[in-house]
> 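Let me begin by handing over the structure; questions about it come next.
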Amino acid sequence: MDLIKKIKQFFKKGGLNMGMGNSLVNLTDDPRIELPITEVERIQKDIQYFTGDFPDVEYMNSRGKHRKRKFEYLNVVKLASRRIASIVFNSKCDIAINNDESTNDWINQVLEDNNFFNLFEEALEKGAALGGFAMRPYLDGNKIKIAWIRADQFIPLHSNTNNISDAVITSRTQQIEQDTTIYYTLLEFHEWDSHTGDYRITNELYRSNTEREVGKQVSLSTLDVYKDLDEEVILHRLVRPLFVYFKTPGANNISIESPLGTGIVDNSKTIIDTINKVHDQFYWEIVLGQRRIAVDASMLGSSIDEDDEVHPPLFDSDQNVYQGFYSDGNNSIGVKDMTSPIRSTEYKDALNHFIKEFETQIGLSTGTFSYGSDGLKTATEVVSNNSMTYQTRSSYLTMVEKAIDELVVSILELASNRDLNGENVLYSYDLTTLPDVKVHFDDGVFVDKDKQMEEDLKALSAGVLSKQTFLERNYGMSTDDAQKEIDQINNEQPEPPITGDYEQNAGFGKDDDDE
């Protein structure tokens with residue numbers, strides 16, 4: 001079977017070298033991809049807002065000449081996505097596999113080796129802005145690594161609103177060949193065989209002379225980094241795809257049939273543009289509003305009197321405050337302040353107004369980014385005043401839990417698959433029963449922990465809250481760890497003293513006459 005595979009790859013490689021491969025201008029030109037090209041273009045536009053890739057401002061100066069200057073934007077997209085990521089997920093998150101201590105330890109070791117908790121928060125920041133991201137576990141020797149895939153690198157093959165089961169993952173590299181920049185794009189197709197139920201991964205490499213085109217298909221061996229990559233891999237007995245897509249909560253109202261999520265940019269472009277324009281104008285007004293004093297031009301240069309004595313300028317030559325003007329000879333200009341007042345109050349009020357609109361549009365409480373005058377608040381007040389932010393966070397947490405649960409399953413099926421590992425699997429796990437994954441998030445400022453513990457202690461004393469729930473909620477323990485702690489507490493309890501009342505109740509020391 002391996003020989004037949006090698007023969008097929010040999011003839012395919014020969015055909016590609018003869019120019020018989022596919023040729024693509026856009027990714028969506030591939031017949032396997034049904035996603036509208038407008039979705040790809042939308043994400044590319046979102047990236048421009050996230051990175052602050054805005055064109056220069058063109059204007060006409062006082063002499064009627066066209067000029068350009070840098071656009072001074074306020075990157076509220078980066079600010080908002082960073083804020084959402086930090087309140088949703090952080091390194092204090094705890095992932096546990098209930099009722100399976102060995103699997104729990106192994107999974108957490110894999111996550112720790114991949115710096116998962118820090119990188120997930122970073123990916124979530126980009127995902128909040130662009131609508132989502134993907135994770136792809138893969139084998140690296142005897143280790144499992146996690147590849148982080150941006151929204152623009154992940155394209156579903158089918159355009160529907162159900163879970164994404166087939167997709168293509170793109171990776172672009174460039175190198176200089178004969179003083180020309182050549183762009184290479186690796187397409188990694190993940191598909192299910194509808195007849196056999198097998199999972200097929202197909203790798204294709206494309207070469208282009210221009211950045212905007214995918215190009216012509218070439219052999220994987222064209223680049224050394226891909227020369228050992230198989231053109232096709234077929235896996236059996238998988239329960240889910242070997243990738244996980246995180247989708248931002250809410251429906252995609254830009255393309256209703258698309259399974260991709262929408263980011264904070266997509267429904268807020270107008271208000272973001274307004275905020276940036278106000279900020280840019282305010283910045284330019286500050287530049288133009290610097291102190292200017294008009295004086296007679298003769299005051300700025302050296303002069304020679306009738307006795308041939310040289311007199312230095314009247315003002316410091318290092319200053320740019322004074323600007324010289326020529327008078328008509330009849331009227332002296334003198335010294336005149338030409339400084340224009342800066343409309344700081346008007347611009348600040350306008351900026352705050354539009355920022356509040358932006359906060360509402362992306363689901364954050366008013367005042368998250370705008371200036372406030374109410375000073376420091378207690379944790380309870382934060383919870384009360386950030387109800388909209390809390391609701392948005394809850395929606396994100398639902399999608400985060402789903403993504404982490406799917407990632408754990410993908411890691412386990414990758415580690416236990418014999419098509420990839422042979423008989424020496426990395427970790428043996430029977431996926432006929434899916435693992436019980438529990439994710440505990442740190443609530444941060446949304447919960448007054450001292451108040452919560454105080455209330456929970458009262459409920460525990462009243463017998464309406466279990467010790468296990470108390471430990472899980474207040475100390476972030478998993479179900480197994482909480483039960484171990486309870487067992488240890490019970491074992492450490494001293495034996496109750498034997499008192500007279502106890503003996504009487506226990507039936508000891510009875511007199512025969514009492515019968």
Side-chain angles (χ1 to χ4, degrees), residues 8-56 58 68 70-71 126 129-134 136 138 147-159 166-191 200-233 243 255 258 260 265:
K8 288 182 178 180
Q9 290 181 350
F10 172 80
F11 283 106
K12 185 175 181 180
K13 177 181 178 181
L16 293 175
N17 292 333
M18 295 173 62
M20 299 172 60
N22 297 330
S23 182
L24 303 174
V25 176
N26 299 307
L27 286 171
T28 51
D29 293 340
D30 192 296
R32 290 167 289 185
I33 301 176
E34 300 176 4
L35 190 75
I37 192 173
T38 53
E39 280 290 86
V40 178
E41 294 172 343
R42 172 181 66 84
I43 295 175
Q44 290 295 337
K45 190 68 175 178
D46 292 346
I47 293 177
Q48 293 180 3
Y49 276 79
F50 181 73
T51 58
D53 184 15
F54 297 107
D56 292 338
E58 297 184 7
K68 289 183 179 181
K70 182 181 178 182
F71 181 61
K126 301 173 186 175
L130 309 180
F133 67 93
R136 160 80 158 94
Y138 66 95
W148 301 90
I149 304 159
R150 297 193 313 267
D152 60 311
Q153 298 174 315
F154 181 86
I155 301 177
L157 298 185
H158 306 296
S159 183
D166 302 83
V168 57
I169 299 170
T170 69
S171 177
R172 170 160 277 203
T173 58
Q174 63 185 57
Q175 64 181 32
I176 304 299
E177 298 178 5
Q178 298 180 349
D179 298 329
T180 303
T181 302
I182 303 298
Y183 300 90
Y184 289 93
T185 304
L186 179 69
L187 302 184
E188 182 181 305
F189 287 88
H190 292 249
E191 302 172 274
R200 182 172 66 252
I201 301 175
T202 307
N203 296 299
E204 299 177 0
L205 184 63
Y206 290 80
R207 180 184 186 274
S208 174
N209 296 327
T210 62
E211 186 177 3
R212 295 187 176 182
E213 293 186 3
V214 179
K216 188 77 174 178
Q217 186 177 1
V218 295
S219 171
L220 292 172
S221 59
T222 304
L223 294 181
D224 290 339
V225 68
Y226 300 134
K227 65 180 181 180
D228 296 327
L229 197 62
D230 291 328
E231 293 183 352
E232 185 179 86
V233 176
F243 61 81
S255 179
S258 172
L260 298 177
V265 177

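This chain uses plain numbering: 1 for the first residue, then up along the sequence. Every heavy atom of this structure was used, including side-chain atoms; hydrogens, water molecules and symmetry mates were not.
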> Rounded at 0.5 Å granularity, tell me how far CG in Asp30 sits from CG in Leu35.
12.5 Å

> Compare every heavy atom of Leu130 with every heavy atom of Ala151, then report the nearest pair and how far apart it is.
CB-CB, 3.8 Å

> Under 4.5 Å between any side-chain heavy atoms of Pro156 and Leu260, yes or no?
yes

> Just checking, Arg32 and Phe189: is the charged tip under 6.0 Å from the six-membered ring centre and within 45° of the axis?
yes

> For Lys216 and Ser23, work out which heavy atoms get closest and say how close.
CD-CB, 3.8 Å

> Is the backbone of Ile47 close enough, under 3.5 Å, to the side chain of Thr51 for a donor and an acceptor to pair up by distance?
yes

> Within the structure provided, determine whether Asn26 and Val214 are in side-chain contact (heavy-atom separation under 4.5 Å).
no

> I'd like to know whether Leu186 forms a side chain to side chain contact (heavy atoms under 4.5 Å, CB included) with Glu204, so could you lay out the CA-CA distance, the side-chain angles of the two residues, the decisive distance to 0.1 Å, and finally the verdict.
CA-CA 6 Å; Leu186 179 69; Glu204 299 177 0; 6.0 Å; no

> Please name the pair of heavy atoms, one in Asp166 and one in Glu191, separated by the smallest distance, quoted to 0.1 Å.
OD2-CA, 2.9 Å

> Rounded to the nearest 0.5 Å, what separation is found between the CD atom of Glu211 and the OG1 atom of Thr185?
10.0 Å

> What are the two closest heavy atoms between Leu223 and Gln175, and how far apart are they?
CD2-OE1, 3.6 Å

> Please report the closest heavy-atom contact between His158 and Glu34, naming both atoms and the distance.
ND1-OE2, 3.5 Å

> Report yes if some heavy atom in the side chain of Asp152 is under 4.5 Å from a heavy atom in the side chain of Gln44; otherwise report no.
yes

> For Ser258 and Glu39, does a side-chain donor sit closer than 3.5 Å to a side-chain acceptor?
yes

> Which atoms form the tightest heavy-atom contact between Ile169 and Ile149, and what is the distance?
CD1-CD1, 3.5 Å

> Does Leu27 form a side chain to side chain contact (heavy atoms under 4.5 Å, CB included) with Thr170? I'd like the steps, not just the answer.
CA-CA 9 Å; Leu27 286 171; Thr170 69; 3.7 Å; yes

> As a quick check of understanding, evaluate salt bridge (charged side-chain N to carboxylate O under 4.0 Å, His left out) for Glu188 and Arg136, giving each step before the final call.
CA-CA 11 Å; Glu188 182 181 305; Arg136 160 80 158 94; 2.8 Å; yes

> Measure centre to centre between the rings of Tyr206 and Tyr183, then say whether the value is under 6.0 Å.
no

> With under 30° as parallel and over 60° as perpendicular, where do the rings of Phe133 and Trp148 fit, or are they tilted in between?
tilted

> For the backbone of Glu213 and the side chain of Ser208, can you confirm whether one donor and one acceptor N or O come within less than 3.5 Å of each other?
yes

> Would you give the length of the straight line joining atom CD1 of Ile33 to atom CD1 of Ile155, rounded to the nearest 0.5 angstrom?
5.0 Å

> Would you please indicate yes or no on a ring centroid separation below 6.0 angstrom for Tyr184 and Tyr226?
no

> Can you find a heavy atom in the side chain of Leu24 that is under 4.5 Å from one in the side chain of Leu187?
yes

> Given the rule in the side chain to side chain contact (heavy atoms under 4.5 Å, CB included) test, do His190 and Arg200 qualify, once you have shown the distances and angles that lead to the verdict?
CA-CA 6 Å; His190 292 249; Arg200 182 172 66 252; over 6 Å; no

> Show, in sequence, the C-alpha distance, side-chain angles and deciding distance for Ile182 and Arg207, and conclude whether the side chain to side chain contact (heavy atoms under 4.5 Å, CB included) test is met.
CA-CA 7 Å; Ile182 303 298; Arg207 180 184 186 274; 3.5 Å; yes

